[in-house]
Amino acid sequence: MTSHLDPAEPSPGATEDGYDPTAVEAKWQERWRERGTNHTDLGGGERPFYALMMFPYPSAEGLHVGNLFAFTGNDIYARFQRLQGHTVFEPLGYDAFGIHSENYALKVGVHPMRLIPRNIANFRRQLERAGLMVDWRYSVDTTDQSYYKWTQWVFLQLYKHGLAYKKKAAVNWCPSCKTVLANEQVVGGACERCGTVVEQRFLEQWFFRISDYAERLLHNLATIDWSETTKTAQRNWIGRSEGAELVFPVQGTGGHAIPVFTTRADTIFGATYMVLAPEHPLVPALTTDVQREAVDAYRARSARQDLITRKVNKEKTGVFTGSHAVNPATGAPIPVWIADYVLMDYGTGAIMAVPGHDERDFEFATVFGLPIVRVVAGAGDDASTELAVAFVENEAGRLVNSGTFDGRTVADAKRDITEMLHGKGAGKGVVNYRLHDWCISRQRYWGPPIPIIYCDVCGAQPVPEADLPVVLPDIEDYRPDDSGISPLARHAEWYHVACPKCGKQGRRETDVSDTFLDSGWYFLRYPSADRTDVAFDPAITRKWLPVNSYIGGNEHAVLHLLYSRFITMVLHDMGHLTFEEPFTRFRAHGLIIKEGAKMSKTKGNVVIPDQFIEQWGADAFRTYLMFLGPYEEGGDFRDAGISGVKRFLDRLWLAATLATTEGVPDESVMRKLHQTLAKVGADIPKLSYNTAIAALMEYMNVLRRGERRPHRAEVEPVVQMAAPFAPHVAEELWERFGHGGSVFDAGWPRFDEALAREDAYQLAVQVNGKLRGTLSVGVGIGQDDAVALALAEPGIAKFVTGSLRKVIFVPGRLLSLVV
RNA sequence: GCGAGGGUGGCGAAAUGGUAGACGCGGGGGACUUAAAAUCCCCUCCGGGCAACCGGGUGCGGGUUCGAUUCCCGCCCUUCGCACCA
């Protein structure tokens, strides 16, 4: 201790130059438990504020720094809201079902029912050590019967309203994980989890009709306060596309007709052939005997082909069916082909090919020698200008070779041609979406069984709500096999069950549901987690939802966030909820990287929070994570940087423990204090944590200047402002100031604008746009006085070589002289 | 290919039309110490100059403006998402 000031007496938790985080943090975590400081009065609390963060998957490796970065950011926001006088609810739980847990369990040979509780206990220990303001009385564990009972209940609600249905569908099959994957879980044709190339299989699957909600899911985006990047991702995923469905009659095949979806009805005069997806149901009927062998071979090849080959290999292949259709605009017969560049699951699974104005069709027509006709001419082109490539710039385009529509703009022709075909019964305007129905079936063990019973007499029957949960049996052979049938089917005592309708022996559905169903409604469960009789209590739900603030990773921008919105909308429509959007505000946090690279086990650059917390304390670790960079952009974690933050907390500790109540606070220090109060109070709601911390550091530098002994009034508000970041230290210092309760119930320091106001400032003076000096001036100075003062300064005046042509005076900022 | 971010000292970063580099790390120098650690103080964008100062500088090239990291146009690089979506 080299300062000339000494603490009155050594105190526990203090070290020579600061504080001992281990002692202080253990003390306060114990205190919080004893006092129930983090408990939320859900029934009676005033001004409820629900601060939600995405719940973690409790991996065996334990909490990683990315989890903690996310949770800390939410915790700071939640604690700040509490300091603003809200009753804050900050719950946390575990998303513990799913293929990830199951694969890990298989790998290490420990049953998931034994593994997951172990992981959860470890997570809980780490989360508590990090000092989160979580009310653990209201937690959820998606693998607990008391939770998944209600996940099954949610399924039944959708089933009863016709929103859950079963169909045989081509699905992505991972031969290594031996399971079906959602489209979203296939990355570049490979399994997102293990990287194995995905195959196609046809299986009976349960689906939710999310596509029925596409328009509302898109439309409502305009009403919610979400990160713009997240909303954009959802808009792209929903993929609304306005166009027309046009019908092409087939020649001589007994009334067959091919509907196509197109966004370019204006180009119909240039449709010189048609293409159906190989799987299209009309293909057998349209194939002529001469072509049948070739067509069948091509269809067989496509069916066998895995998705990666089909999607990545963009070389055009196809086979002529032997049939011709009639172009409804020209009346000309055009050949019908099949090709795998047309996808069965978009639009109608068939297209009119306009090689002159579509790059893919152009390529196909070139390969197979099909006619290419220009029907749109750009500036400087005419009807006969050769097409070397597909012409797709349609802004300035005018129609050509299109009969009475020649000369029209592309936009006009789209409308007029659709109208003309509509009049002939050959088409209509339609809106198409890229969004597909949500496949929720998983042929795996580690998930909630889908509550359906099959009866030979009565068909598929929902399990009565009174019989929920359908308990996932504790079986030893849960390993999936190649059959595509869930491991549950191998357990007769579970599999065979009485039909709920007729009582005869039936069979249980052996698929379990997707984890995104677990997480699709968990935010509804938290406030009602103590209720065994309902999924969520209506009155509590009305009080606490929708969620005021939701923070999480943008990797869930389309999956979890879209499904949650869908489930909420559906439950709203059934009358279970009064709102249809679950998250009023959503902010995506950034990613923590390490020395410029993503953290990963293979790179060996994963930061384990425990070691840092042990060495530096949770407060310093939290504050450092938030200081790394802008919260919504993430930051680069470097081991060295944390020392600066710990130094800041030590200085705060010393300033607070040395503070005096004698004399009066320094006027200029108090001015800086109130300026800091304004800055920190504005930055935290914007999640601009790094600049808020910088402002606090800057203030501490002012406070300590000259090693003066600070006045208590100069320090106490800093303890409150620092509390969201460093809650343990703040509590300890608050107590040492003699306060009885928690600092988090003390409110936010009062900001006084009069005290923050400066009476003088540095006026920058520019001559011809270059800075030539600064003047210290009073706040009220006018332009003329400022100019006179500037010209009196030799260092400035020497650049003023002629008469002043222009003067720009920005009070409080600068004076710009133009000569 | 399409969509959304991002590019600023040795490093993490600030500043969204008004003094570029706040705050922190690292580095250099000093105080204290027998010494070291810790702590405290000073310096730290680049070039020139003993200095006061001068010139240059926010990926690159243009433009608007008294003034541009910030706005506009055209490129380059990079991260993420989507991708034969008709």
Side-chain angles (χ1 to χ4, degrees), chain A residues 1-4 15-18 187-188 227-233 235-237 239 241 243 260-264 267 275 310-316 339-343 345-354 357-361 363-364 432-434 554-555 557-558 590-591 593 595-596 598 624 627-630 632-645 647-648 650-651 654 688 690-701 704-707 762-774 795 805-808 810 812-819:
Chain A
M1 188 60 146
T2 54
S3 164
H4 59 282
T15 64
E16 199 182 0
D17 301 305
V187 177
S227 297
E228 209 45 55
T229 53
T230 312
K231 291 212 262 188
T232 303
R235 278 190 198 104
N236 292 342
W237 192 260
S241 177
V260 301
F261 174 73
T262 180
T263 56
R264 295 297 306 276
T267 62
V275 185
R310 179 155 173 180
K311 290 213 164 182
V312 172
N313 179 8
K314 300 197 174 176
E315 273 159 41
K316 296 288 177 285
D340 64 3
Y341 82 94
V342 173
L343 308 174
D345 56 7
Y346 185 76
T348 61
I351 62 161
M352 64 173 201
V354 183
H357 306 281
D358 181 283
E359 284 163 7
R360 298 151 301 181
D361 297 344
E363 199 189 323
F364 190 85
N432 210 349
Y433 300 92
R434 209 191 69 114
N554 224 6
E555 67 272 19
V558 288
L591 236 56
I593 57 170
E595 274 122 30
K598 220 170 177 170
Y624 177 56
F627 186 60
L628 284 175
E632 290 174 81
E633 284 166 37
D636 197 336
F637 190 96
R638 286 165 312 117
D639 299 6
I642 194 170
S643 60
V645 168
R647 237 188 314 265
F648 160 71
D650 283 334
R651 287 166 177 171
L654 286 176
S688 188
N690 57 332
T691 54
I693 294 165
L696 289 169
M697 287 174 165
E698 204 177 323
Y699 175 68
M700 286 306 293
N701 291 342
R704 296 177 327 111
R705 198 178 290 154
E707 294 190 37
Q762 293 293 306
L763 178 72
V765 181
Q766 293 183 350
V767 180
N768 286 343
K770 280 181 190 269
L771 183 73
R772 295 304 183 186
T774 56
R805 291 203 294 123
K806 198 170 176 182
V807 175
I808 296 111
V810 184
R813 288 286 183 183
L814 63 45
L815 176 68
S816 185
L817 306 174
V818 186
V819 294

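Nothing here was measured: the structure is a model prediction, and the numbers come from that model. Sequence lines set the chain letters: A, B, ... in the order given, protein chains first and strands last, and positions in each chain run from 1.
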**Request:** Report yes if some heavy atom in the side chain of A/N701 is under 4.5 Å from a heavy atom in the side chain of A/R651; otherwise report no.
**Result:** yes
**Request:** Could you check how far NZ of A/K770 sits from P of B/A68, rounded to whole Å?
**Result:** 10 Å
**Item:** Nearest-Å distance for atom pair OH/P, residues A/Y346 and B/C84
**Value:** 12 Å
**Interatomic distance, A/R638 CZ vs B/G27 P [rounded to whole Å]** = 12 Å
**Prompt:** Between B/C40 and A/R704, is there an OP1 or OP2 to side-chain N/O distance shorter than 4.0 Å?
**Reply:** yes
**Watson-Crick or G-U pairs under 3.5 Å in RNA chain B, rendered as dot-bracket with [ ] for crossing pairs and | for another strand** = (((((((..(((.....[....)))((((((.......))))))((((....))))..(((((..]....))))))))))))....
**Rounded distance (Å) that lies between atom P of B/G5 and atom CD of A/E632** = 13 Å
**Message:** When you measure from the side-chain N and O atoms of A/R434 to the phosphate of B/C2, is any distance below 4.0 Å, counting only OP1 and OP2?
**Reply:** no
**Fill in**
Once base and sugar-phosphate atoms are separated, protein heavy atoms under 4.0 Å mark nucleotides 15-22 of chain B, 5' to 3', with B, S and - as ---BB--B
**Asked** If you measure from the C1' atom in B/A14 to the same atom in B/G61, how many Å do you get, rounded?
**Response** 27 Å
**Request:** Round to a whole Å and report the spacing from CG of A/N768 to C1' of B/U65.
**Result:** 13 Å
**Request:** With C1' as the reference atom in both, quote the distance from B/A31 to B/U69 in angstrom, rounded to an integer.
**Result:** 39 Å
**Request:** Starting at atom CZ of A/R235, determine the distance to atom P of B/A83, rounded to an integer number of angstrom.
**Result:** 18 Å
**Message:** Distance check, C1' atoms only: B/C71 and B/U64, in whole angstrom units.
**Reply:** 8 Å
**Request:** Check whether any side-chain nitrogen or oxygen of A/R647 sits under 4.0 Å from OP1 or OP2 of B/C40, and answer yes or no.
**Result:** no
